[in-house]
Amino acid sequence: MVARRARWWAAALLMAALTGCGSTADTPSSPGVKGAPEVTDEKHLPPLPLDRYRLGNDESRRWTKAQQRLAQRCMVDLGFTDFPADPKPPSVPTVSGTLTVTAAPTPLGRLDLDKAERWGYGWDPEVSRRRPPEPAGRAMTDREFAALYGRSGGRDTPSGRKPPEQGCSGQANRRLVKGVENLTRMWTYVPGRDAALHKAVMKDREVRRAFATWSKCVTDKGGERYPDPMAAYGAKAWGRGKDGNTTHSRREVRTAVADVECKREHNTAGVWWTSATKHQRADIQRNKATYEAVRDDLHVLRGNIREALG
């Protein structure tokens with residue numbers, strides 16, 4: 001329902017879809033802005049140019065699986081022959097509280113009218129009551145935990161051999177990034193550029209005009225006035241609790257429904273996407289060497305992941 005990312009444009013850590021630059025050739029265009037794709041639902045939002053230069057959600061899951069598999073092999077080599085690939089911590093604490101889910105489903109908030117009619121800017125309370133899924137494997141022993149993360153500093157393993165630096169987990173991470181030229185650049189360059197470009201997009205004349213049209217439309221439909229869709233989505237008036245959910249008040253639902261209807265009527269998301277694509281493509285051209293270096297490093301990383309899972 002809601003992505004587990006932090007701020008969408010900062011990439012909460014690294015996670016966006018691996019796709020091409022995106023094309024509007026097969027997508028109906030909005031009459032308001034030339035070339036703007038018609039975006040009426042979350043699944044209709046095309047990929048963006050920067051998505052080519054970061055890991056996608058599926059790839060991030062493959063990274064996790066590869067890291068676990070390499071760490072497991074290392075632990076078996078140390079004599080922990082039945083060590084699970086996805087172990088629980090040595091002592092599994094009782095989870096209190098609720099699962100926090102706060103990130104918007106798209107860069108422009110909600111586009112799902114059915115959910116807006118039911119939950120406003122929030123979601124089904126049952127989602128908030130669910131606990132995060134636990135690891136699939138058994139709980140580690142304290143001895144295994146020390147070897148996995150290099151906490152013991154000694155040779156307290158069944159084989160008598162000392163764990164590698166930073167434990168088997170650290171060794172797994174090093175193997176997955178072997179051959180990467182610049183690790184910091186690979187992880188942080190694109191999220192940093194994305195955040196800067198987001199600010200430029202928000203100042204774009206067509207985007208500001210689209211937001212003004214959207215804002216008037218929302219108030220004309222009886223919703224509250226906000227300068228842009230993200231301001232509406234994150235408004236304090238909706239009383240988000242510690243779990244990130246809202247109160248689903250009548251005012252909130254009325255505004256959320258008007259918000260989505262107006263985005264559809266005026267293709268607000270399509271206009272935003274067109275501007276974001278324009279700024280991102282220009283930035284890629286200006287900084288082509290750096291972007292290509294990031295992509296080269298990701299290619300190395302993907303190869304290491306494939307090898308680990310092979």
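This structure is a prediction, so every number in the text was calculated from the model and none was measured.
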> Taking all atoms of both residues into account, what is the closest heavy-atom pair of Leu108 and Thr268, and its distance?
Replying inline: CD1-O, 3.8 Å
> Is a side-chain N or O of Asp86 found less than 3.5 angstrom from the main chain of Ala136, in a donor-acceptor match?
Replying inline: yes
>> Show the nearest heavy-atom pair for residues Pro89 and Ala139, with the distance to one decimal.
In response: O-CB, 3.4 Å
> Can you find a heavy atom in the side chain of Trp273 that is under 4.5 Å from one in the side chain of Pro46?
Replying inline: yes
>> Between Asn182 and Asp297, is there a side-chain heavy-atom distance shorter than 4.5 Å?
In response: yes
> Quick one: CG on Asp156 to CZ on Arg143, what's the gap to the nearest 0.5 Å?
Replying inline: 4.5 Å
>> Asp296: which residues meet the side chain to side chain contact (heavy atoms under 4.5 Å, CB included) condition with it, sequence neighbours left out?
In response: none
> side chain to side chain contact (heavy atoms under 4.5 Å, CB included) with Val257: which residues, sequence neighbours excluded?
Replying inline: Leu113, Ala116, Glu117, Val253, Glu261
> For Tyr121, which residues count as a ring pair (Phe, Tyr, Trp, His ring centres under 6.0 Å) partner, sequence neighbours excluded?
Replying inline: Tyr233, Trp238
>> Using 0.5 Å steps for rounding, measure from the CD atom of Gln171 to the CD atom of Glu165.
In response: 10.5 Å
> Using 4.0 Å as the upper bound for N to carboxylate O, is an ion pair formed by Asp112 and Arg110?
Replying inline: no
> Is a side-chain donor or acceptor of Asp51 paired with a backbone partner of Leu48 at a separation under 3.5 angstrom?
Replying inline: yes
> Taking only residues two or more places apart in sequence or in another chain, which ones pass side chain to side chain contact (heavy atoms under 4.5 Å, CB included) with Asp204?
Replying inline: Glu206, Val207, Ser275, Lys278, His279
>> Among residues at least two apart in sequence or on other chains, which ones pass side-chain hydrogen bond (donor to acceptor under 3.5 Å, both in side chains) with Asp58?
In response: Arg61
> With no hydrogens and no angle check, do the side chains of Thr106 and Glu42 hold a donor and an acceptor under 3.5 Å apart?
Replying inline: no
>> Test question: given the 4.5 Å side-chain rule for I, L, V, M, F, W and Y, name all other residues clustered with Val76, or answer none.
In response: none
>> Show me the pairs that pass ring pair (Phe, Tyr, Trp, His ring centres under 6.0 Å) and involve residues 285-310, at least two apart or across chains.
In response: Tyr53-Tyr291, Tyr189-Tyr291
> So which heavy atom on Asp259 is nearest to which on Ala232, and how close?
Replying inline: OD2-CB, 4.2 Å
>> Whether Glu265 and Lys221 form a salt bridge (side-chain N of Lys/Arg under 4.0 Å from carboxylate O of Asp/Glu) is what I want to check.
In response: yes
> Looking only at heavy atoms, which two atoms of Val177 and Leu183 are closest? And how far apart?
Replying inline: CG1-CD1, 3.6 Å
>> Is there a side-chain contact (heavy atoms from CB on, under 4.5 Å) between Leu50 and Ile284? Walk through the geometry before answering.
In response: CA-CA 8 Å; Leu50 290 192; Ile284 290 169; 4.0 Å; yes
>> Going by disulfide (SG to SG under 2.5 Å), name the pairs with one or both residues in residues 235-310, residues two or more places apart or in two chains.
In response: Cys217-Cys262
>> Using 0.5 Å steps for rounding, measure from the CG atom of Asp124 to the CG atom of Asn245.
In response: 8.5 Å
>> Please determine whether side-chain contact (heavy atoms from CB on, under 4.5 Å) holds for the pair Met202 and Asp228, giving the CA-CA distance in whole Å, both sets of side-chain angles, and the decisive distance to 0.1 Å.
In response: CA-CA 9 Å; Met202 296 296 282; Asp228 60 71; 3.9 Å; yes
> Which heavy atom in Ala104 sits nearest to a heavy atom in Gly109, and how many Å separate them?
Replying inline: CB-CA, 4.0 Å
>> Looking at Lys216 and Asp220, is any side-chain nitrogen of the basic one under 4.0 Å from a carboxylate oxygen of the acidic one?
In response: yes
>> Contact between Thr274 and Pro37 at the side-chain level, heavy atoms closer than 4.5 Å - yes or no?
In response: yes
>> side-chain contact (heavy atoms from CB on, under 4.5 Å), that's the test. Do Asn304 and Lys178 meet it? Break it down for me.
In response: CA-CA 8 Å; Asn304 292 341; Lys178 183 179 180 181; 4.3 Å; yes
> How many angstroms lie between atom CZ of Arg62 and atom OG1 of Thr64, to the nearest 0.5 angstrom?
Replying inline: 11.5 Å
> Would you find a donor on one side and an acceptor on the other, under 3.5 Å apart, between the side chain of Lys115 and the backbone of Gly120?
Replying inline: no
> Ser215 side chain to Phe211 main-chain N or O, any donor-acceptor pair under 3.5 Å?
Replying inline: no
> In chain order, what residues pass the side-chain hydrogen bond (donor to acceptor under 3.5 Å, both in side chains) check against Asp77, with sequence neighbours excluded?
Replying inline: none
> Which residue, Gln280, Arg185, Arg52, Arg54, forms the side chain to side chain contact (heavy atoms under 4.5 Å, CB included) with Val190?
Replying inline: Arg54
> Given side chains that start at C-beta, do those of Gln166 and Arg174 come closer than 4.5 Å, heavy atoms only?
Replying inline: yes
>> If the condition is salt bridge (Lys or Arg N to Asp or Glu O under 4.0 Å), which residues does Glu144 pass it with, not counting sequence neighbours?
In response: Arg138
> Is it true that atom CZ of Arg69 has more than 12 heavy atoms of other residues, nucleotides or ligands lying nearer than 6.0 Å?
Replying inline: yes
> What are the two closest non-hydrogen atoms of Ala308 and Arg73, and how far apart are they?
Replying inline: O-NH2, 3.0 Å
> Is the shortest heavy-atom distance from the side chain of Phe80 to the side chain of Met140 under 4.5 Å?
Replying inline: no
> Does the pair Arg295/Glu292 count as a salt bridge with the N-to-O cut at 4.0 Å?
Replying inline: yes
>> Can you tell me how far apart CD (Gln67) and CG (Leu309) are? Round to the nearest 0.5 Å.
In response: 11.5 Å
> Side chain of Thr219, backbone of Gly223: donor and acceptor closer than 3.5 Å?
Replying inline: no
> Going only through I, L, V, M, F, W and Y residues with side-chain contacts under 4.5 Å, is there a path from Leu301 to Leu70?
Replying inline: yes
>> Among residues at least two apart in sequence or on other chains, which ones pass ring pair (Phe, Tyr, Trp, His ring centres under 6.0 Å) with Phe145?
In response: Tyr149
>> List the residues meeting ring pair (Phe, Tyr, Trp, His ring centres under 6.0 Å) with His248, not counting sequence neighbours, and say none if there are none.
In response: Trp119
> Do Thr141 and Phe83 touch side chain to side chain, with heavy atoms closer than 4.5 Å?
Replying inline: no
>> Can you tell me how far apart CG (Leu197) and CG (Asp283) are? Round to the nearest 0.5 Å.
In response: 4.5 Å
> Passes side-chain contact (heavy atoms from CB on, under 4.5 Å), Trp272 versus Thr277? Steps please.
Replying inline: CA-CA 9 Å; Trp272 175 90; Thr277 297; over 6 Å; no
> Considering only heavy atoms from C-beta outward, does the side chain of Trp214 approach that of Tyr226 to under 4.5 Å?
Replying inline: yes
>> Side chains of Thr247 and Glu252, heavy atoms from C-beta outward: is any pair under 4.5 Å?
In response: yes
